[in-house]
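A short write-up of the structure that comes next.
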Amino acid sequence: MSLNYIVLRNLKKNIKNYYLYVFALIFGVALYFSFVTLKYDPAMDEVKGSVKGGAAIGTSSVLLVVIVAIFLLYANTIFIKRRSREIGLFQLIGLTKGKIFKLLSAENLILYFGSMIIGIGAGFVMSRLILMILFKILEVDELAKLRFSTQALLQTVIVFAAIYLLIMIMNYVFIKGQSILSLFRVTSTTQERIKKMSLWEIIMGLLGIGFVAGGYYLSTQLFGGKFNAMNELMIIMILVLGLVIVGTYLFYKGSVSFVFNAIRKSKKGYLSINEVLSLSSIMFRMKSNALLLTIITTVSALAIGLLSLSYISYYSAEATAKESSPHDFGFARTEAKEKFIQALNKEQIKYKEIDIYPVGVDVDATQIMDVSPFTASEDRILSTSVVSDISIEGVELEPGETRLMGYSNALEKLITLKETGEVGFLTSSGTIKLQLSGVSKQPTLPVYYASGSGVFVVDESVYQELVKVLDPKLQKKKEVANYYGIEITDRSKLDTANQIYENQAPQEPSFSQHEYEMNQRSNMGMIMFIVGFLGLTFLITSGCILYFKQMDEGEEEKGGYTILRKLGFTQSDLLHGIQFKQLFNFGIPLVIGLSHSYFAVKSGWFFFGTEMLTPMILVMLFYTILYSVFGFLSVLFYKRVIRESL
């Protein structure tokens, strides 16, 4: 029997165990080759935005390699251990460790580079689809062409050849470091079954739940006005991160066993077959996999959170543009406005002018601001603009009143203000005190005029008084100009008006809703695209890792299924228990990851957009559906194990 025959025979025999590994390898190569192809694609130079397309794709390809490399090395560790008994038999029949290493290397060479060739072909086909998706997200009017890049091919081959060498080194070290006896013991090592939980494990379980809950609570207080200084925020953010990560580890290490043990005790030992196959097994399995599950949960939460935040920003681009520029177009210079109006008249586009004359002012907000005795006096002053109520449609105030407008969600979290109270407008001749009659999210001026604090609206008589007594030095320092807004009344001509604005490229400060929206879609669309594909890669790889772990557990538990079958339990009885087990095995990391991402997004989503729930729920549903596929595959694997157990 030649070595080549053994290689081919073993490859055919073990292919059923490698199919998901092969799929993940093909997927990883295809995605990497597609990304690198985009990096060298000339069409990427046409992508608009502050982030250069080629550089962004290049950076993401490095992260992609790290994710795929870690997965392949981990998967190889699982498979080499599963074949340890086979390696021991080869040594018993007289094969040296060197020949066994050559045999495994030949198998891996065929499997690995065969998958890589298929992956490169799939990546070449995918590259055009990915480019089309990117152009669609960024709303770029550019034709996506199918281009084969020799640079991308060379880079892909070098990177995955390096990963292959690492795998071979790992296999060599494993084979050299194992005796024949230890090879037969590798797969027969079972989890330690502890009948009674120790006091330390109970404490660790309670600490895990407490740490996670504490991290969640602190995350909700980050921007609630309690921590205003930047160093305080940084410390609390680090504390939240540490509590959640350590709490997650302790949760898998002790909390799961603690909770399931409490459930088991409540039943006084009378467990159904479903509970025996699910609760009892998971109590001890998750404890040994605590570190791996913590990493998977943390990175999953990070991927879901980043994708949710980028999608929130992309989803809210139109609403955010209206907050940044309340009217279709705005100008601070009369000559720029007149030039634009002339072009509109020439094209017979109907419009409405909104002229507002803001003045810069410092407002003492001590009485309406949630401050502590330690808050510095300068932090109680809002540096913003004030306008007359006759400039704002639908707003009419009494001489002693003022209203704050443009009080956005982000501003509300950073500066907590009461809706009523006394405010003081600081002038060169003293302080003019007015009563705040309410706050509104409705924007009146672009953010350029609001200085991040909203805009105060006062009665016309008060406005005229303020104009007379305002400090000229303060006005020069603030550089607040007049504002001329243009609202297109004939909405069918809005695209033409946007084109006119783009062609004129008026000198700043000038404002365009369409420009704001497109810039945000371009920048956040690129981030969403990259995070989405990296998250998808991690989802596939982590799902495969959990699936491989279930394959290992299934083989170890096969003897137990044989005993249960001989006792009279049917395949259906055992399968119901396995379904419960997989619901916990895949469901617990998924639910914890989703929970982490929810609180992370909830703590700061308002900086990214105006709508949280819809974008975040869509991302979570997509992630859950794809993740559930691996749980379904593991149930199918166990079904085969149960069927073959008798």
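Values reported hereafter were calculated over all heavy atoms of this structure, with side chains retained and with hydrogens, waters and symmetry mates removed.
Using cut-offs of 30° and 60° on the angle between ring planes, the pair Y216 and H596 is perpendicular.
A donor-acceptor pair under 3.5 Å is absent between the side-chain atoms of S325 and the main chain of A321, judged by distance alone. Formation of a donor-acceptor pair under 3.5 Å by the T402 side chain with backbone atoms of V457 is found in this model. The backbone N or O of S391 lies less than 3.5 Å from no partner atom in the side chain of S388, so there is not a single donor-acceptor pair. Panel note: side chain T427, backbone G430; a donor-acceptor pair is recorded below 3.5 Å. Judged by distance alone, with hydrogens and angles left aside, the side-chain atoms of T220 form a donor-acceptor pair with the main-chain N or O of Y217 at under 3.5 Å. Using modelled atom types, one side-chain atom of T384 and one backbone atom of G454 make a donor-acceptor pair closer than 3.5 Å. The closest donor-acceptor contact from the side chain of S542 to the backbone of L539 lies under 3.5 Å. The backbone N or O of M620 sits less than 3.5 Å from a side-chain atom of T624, completing a donor-acceptor pair.
How far CD of E422 is from OG1 of T431: 9.5 Å, rounded to the nearest 0.5 Å. Atom CG of residue L397 and atom OG of residue S461 lie 10.0 Å apart, to the nearest 0.5 angstrom. Note that the CD1 atom of I617 and the CG atom of L594 stand 11.5 Å from one another [nearest 0.5 Å]. Atom CZ of F606 is separated from atom CD of E611 by 15.0 Å, given to the nearest 0.5 angstrom. Rounded to the nearest 0.5 angstrom, I592 CD1 and S597 OG are separated by 11.0 Å. Taking CH2 of W605 as the reference point, atom CE of M616 lies at 10.0 Å (rounded to 0.5 Å).
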### Message
Before you tell me yes or no, could you show the steps for V387 and V455 under side-chain contact (heavy atoms from CB on, under 4.5 Å), namely the whole-Å CA-CA distance, both residues' side-chain angles and the distance that decides it to 0.1 Å?
### Response
CA-CA 7 Å; V387 300; V455 174; 4.0 Å; yes
### Task
Show your working on side-chain contact (heavy atoms from CB on, under 4.5 Å) between I236 and I238 and close with a plain yes or no.
CA-CA 5 Å; I236 297 301; I238 293 171; over 6 Å; no
### Task
Start with the C-alpha gap between V467 and V359, add the side-chain angles, then the distance that decides, and say whether side-chain contact (heavy atoms from CB on, under 4.5 Å) holds.
CA-CA 7 Å; V467 170; V359 290; 4.3 Å; yes
### Message
Run the side-chain contact (heavy atoms from CB on, under 4.5 Å) test on L494 and I349 for me, step by step, so that the C-alpha distance in whole Å, both residues' side-chain angles and the decisive distance to 0.1 Å come before the verdict.
### Response
CA-CA 9 Å; L494 183 58; I349 300 175; over 6 Å; no
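At a cut-off of 3.5 Å, with distance as the only test, a side-chain donor of S313 or Q520 sits close to an acceptor on the other residue. If you check the side chains of E517 and Q513, you find no donor sitting under 3.5 Å from an acceptor. Side-chain atoms of H327 and Y483 include a donor-acceptor pair closer than 3.5 Å. With no hydrogens or angles considered, a side-chain donor-acceptor pair links S300 and Y623 at under 3.5 Å.
Looking at heavy atoms from C-beta onward, L426 lies out of side-chain contact with V361 at the 4.5 angstrom threshold. Proximity of Y32 to V68: side-chain heavy atoms (C-beta onward) are nowhere separated by under 4.5 Å. At least one side-chain heavy atom of I356 sits under 4.5 Å from a side-chain heavy atom of L445. Residues V458 and F425 meet the side-chain proximity criterion, which asks for heavy atoms closer than 4.5 Å. In this structure the side chain of L436 never reaches within 4.5 angstrom of the side chain of T420, judged on heavy atoms. Using a 4.5 Å heavy-atom threshold, the side chains of E398 and D459 count as separate. By the 4.5 Å heavy-atom criterion applied to side chains, L382 and D362 are not counted as neighbours. Using a 4.5 Å heavy-atom threshold, the side chains of I390 and Y463 count as separate.
The minimum heavy-atom distance between P326 and T444, with the atom names listed, is CG-C, 3.7 Å. Nearest heavy-atom pair, S603 versus A600, reported as atom, atom and distance to 0.1 Å: OG-O, 2.7 Å. Taking all atoms of both residues into account, the shortest heavy-atom contact from G247 to V212 is C-CG2, 3.5 Å. In terms of heavy-atom proximity, I500 sits nearest to A343 at CG2-CB, 3.5 Å. Considering all non-hydrogen atoms of both residues, L31 and M126 come closest at CD1-CE, 4.2 Å. When all heavy atoms of L243 and G214 are compared, the closest pair comes out as CD1-C, 4.2 Å.
With ring centers used as reference points, F511 lies 6.0 Å or more from F329.
Considering only residues two or more places apart in sequence or on other chains, E323 meets the side-chain hydrogen bond (donor to acceptor under 3.5 Å, both in side chains) condition with none of them.
Within a 6.0 Å sphere centred on NZ of K441, heavy atoms belonging to other residues, nucleotides or ligands number more than 12. Remark: E393 CD is loosely packed, at most 12 non-hydrogen atoms of other residues, nucleotides or ligands lying under 6.0 Å away.
Under a cutoff of 6.0 Å and an axis angle of 45°, R521 and Y314 form a cation-pi pair. Geometrically, K337 engages Y484 in a cation-pi contact, judged by NZ or CZ lying under 6.0 Å from the ring centre and within 45° of the ring axis.
The side-chain hydrogen bond (donor to acceptor under 3.5 Å, both in side chains) contacts involving residues 490-501 comprise D328-R491, D490-S492, Q499-N503, Y501-S510, where partners must be two or more places apart or lie in separate chains.
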